[in-house]
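We count residues from 1, following the sequence as given. Atoms within a ligand are numbered from 1 in the order they appear, just like the ligands themselves.
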Amino acid sequence: MSFLERAAALRAQIAAHDHAYYVLDAPTIPDAEYDRLFRELQALEADHPELVTADSPTRRVAGRPLDGFAPVRHAVAMLSIRTETDTTAEGARAFDGRVRRELGLADADPPVVYAAELKFDGLALNLRYEQGVLVQAATRGDGETGEDVTQNVRTIRVIPLRLATSSPPPVLEVRGEVYLRRDDFEALNEAARSRGDKTFVNPRNAAAGSIRQLDPAIAAQRPLSFFAYGLGQTQGWAVPATHSGVLDALLALGLPVCHERTVGTVEDLIRFHADIAARRDSLPFDIDGVVYKVDSLSLQSRLGFVTREPRWAVAHKYPPQEMLTTVEAIEVQVGRTGKLTPVARLSPVFVGGVTVTNATLHNASEVQRKDVRVGDTVIVRRAGDVIPEVVGVLPDKRPPGAVPFAMPCTCPVCGSVAVQEQGEVDSRCSGGLVCPAQRKQALLHFAQRRAVDIDGLGDKIVEQLVDAGIVRTLPDLYRLGVLKLAELERMAERSAANLLESIERSKQTTLPRFLFGLGIRHVGEATAKDLARHFGNLDALMNASIDDLLAVEQVGPVVAESIHTFFAQPHQREVVEQLRACGLGWAEGQGAGGAAALPQSGKTFVLTGTLPTLSREQAQAMIESQGGKVSGSVSKKTSYVVVGADAGSKLDKARELGIATLDEAGLLALMHGKALVAQPLSIPPD
Ligand code: IVH
């Protein structure tokens, strides 16, 4: 194979994989293999620059920044579309009525067939393919002349650089909308926010800004998408007879076409409008309505244009996702992890299908940059399931005397100091477990299976316990009684007893589980194990200096600071002391051993009779803390039967099945990792 053939083969393969990955969402090869093909093509082209073609996937990689965009005169003007402002079903009927009148149809004549599709909220583009190769991409501009954005458009992965056909037409211009998915937009803004950078107002602005970005390297980092919805100039292409046929043909050529579309009579348009309205929030991208087009292209040309709008198409809108309203107050909410979020209280406004009365302002630096003040007129956006946000202020409408917002230095809920960590934009309440706003989350975190594991302490119960003021801090959990629990709504006696049993069992835990359960910021399970291993016991950790903490492998300055701040607060130490006083405990000095290795995992124990010192619950907790299971009856699957005084039929059964038996001393030895030599049975005297 010649270099030329190899390069062509690589290009075809890469284009096919791009299509599978970006358009069909069904990758055909692993990323590493794709990268290998790509690098091979890059190397070939570097060695033989004469092999480079306009449609080479390597051209997607951004070129030099531009000074400006060259004007492009459109071969066929890019028109706009009439908007039907009546958002009810009547909007579609009015359009059908106009079309029928223009076509001179009587009531008795058959219905007109329409194509319905989405009205994407992005930026219109004209893609020009010559001999199947993308040679130019232009914005709409004033409809006559747009801007040459070819370099940037080449970086959009869903746009094929070459059409998927062996006999391409000399000229095919495809029109469509470049847009940004909502999740991509949120991620882009989230990243900007965490850097303290300016955010985009909405996906449309972000898409438009990216396409008109003079540095293609930046444009290339924006995850833009595209849907084709029509044609510009064509030469030598057998244009299908219908609009829906055109879209099918474009799809077959490898262009992305949205599958949310339908063909039918005015009744189908009405159904489509209602169906999409109901699903608008769950679409992955913003739309501002649906578009109806007369399906037959010959009827389209009979209908023609009025001024700059075709008579054969209409945009049937939905209620807007952005509206103006005024800020009545700015309050600060405390999130479940202590994050302080400024929230604008708004004059009620109907936006994105719901009445919005408050909207997030994200964080202090965002409020400052947008300079949102009480009394301001603001743009509120609510799209999809995303929480409403204030995206901008109308400075001209600011009332005199409006003052800039200042983030409080203390938590508005518990009064603890609010801290802003270095390099972070968010302020957090340092109150942790004593802050009621964080209490519920803290309790759930502490009770979760990977922490001290209180089976049965879920969302609902925690909610009730905290709201009723029964549980304020973690130690309160260990002071609960059946009576207290029975006060709770829908708490049956049996479940109350079960919960108390789980709480009792959770007292026997391990240091890593306990540490993780405290919910110290940046201390996950792995860090908790590292800390336990390093310090060996809780007191050493609680009294550790920043330097001591930095000596722990995997612990950097941010984590060290967080741990140090946590234990420097008297109320946190108090919580820890109270938990210990309540009987929470673990074998100290064993480091992570308890949690990292679960030596009894997979083993089943049966307890029978009364042990000399351990209660049944203590024995069970001990076994379970090491991964063992406690069962009520002896079977072939039982690993050990633990025998105390007055053991009954379970001991007989164990003997019958030849199952190993242990007394309390044997159990303790096993739990402390001592090798167990076939333990001679010692049954306490009756
Ligand atoms: S057709 C001659 N179809 O809406 C008709 N336009 O005012 C040309 N748009 O900026 C437009 N989705 O970018 C058409 N499915 C769709 C569309 C759509 C969005 C945009 C288009 C243009 C505006 C028309």
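- Residue-level contacts of ligand 1 at the 4.0 Å heavy-atom threshold are L79, S80, I81, E117, L118, K119, F120, A124, E177, Y229, V291, K293, P310, W312.
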*Go through R162 and D18 one step at a time and tell me if the salt bridge (charged side-chain N to carboxylate O under 4.0 Å, His left out) criterion holds.*
CA-CA 11 Å; R162 174 185 283 274; D18 277 347; over 6 Å; no
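- Judged purely by distance below 3.5 Å, without hydrogens or angles, the side chains of D96 and Y292 never pair a donor atom with an acceptor atom.
- In this structure, R11 pairs ionically with E45, as a charged nitrogen and a carboxylate oxygen lie closer than 4.0 Å.
- Here the shortest heavy-atom pairing between L180 and P223 reads CG-O, 4.2 Å.
- Between K397 and D376 no salt bridge is recorded (no basic side-chain N to carboxylate O distance below 4.0 Å).
- Nearest heavy atoms, V374 versus A402: O-CB, 3.8 Å.
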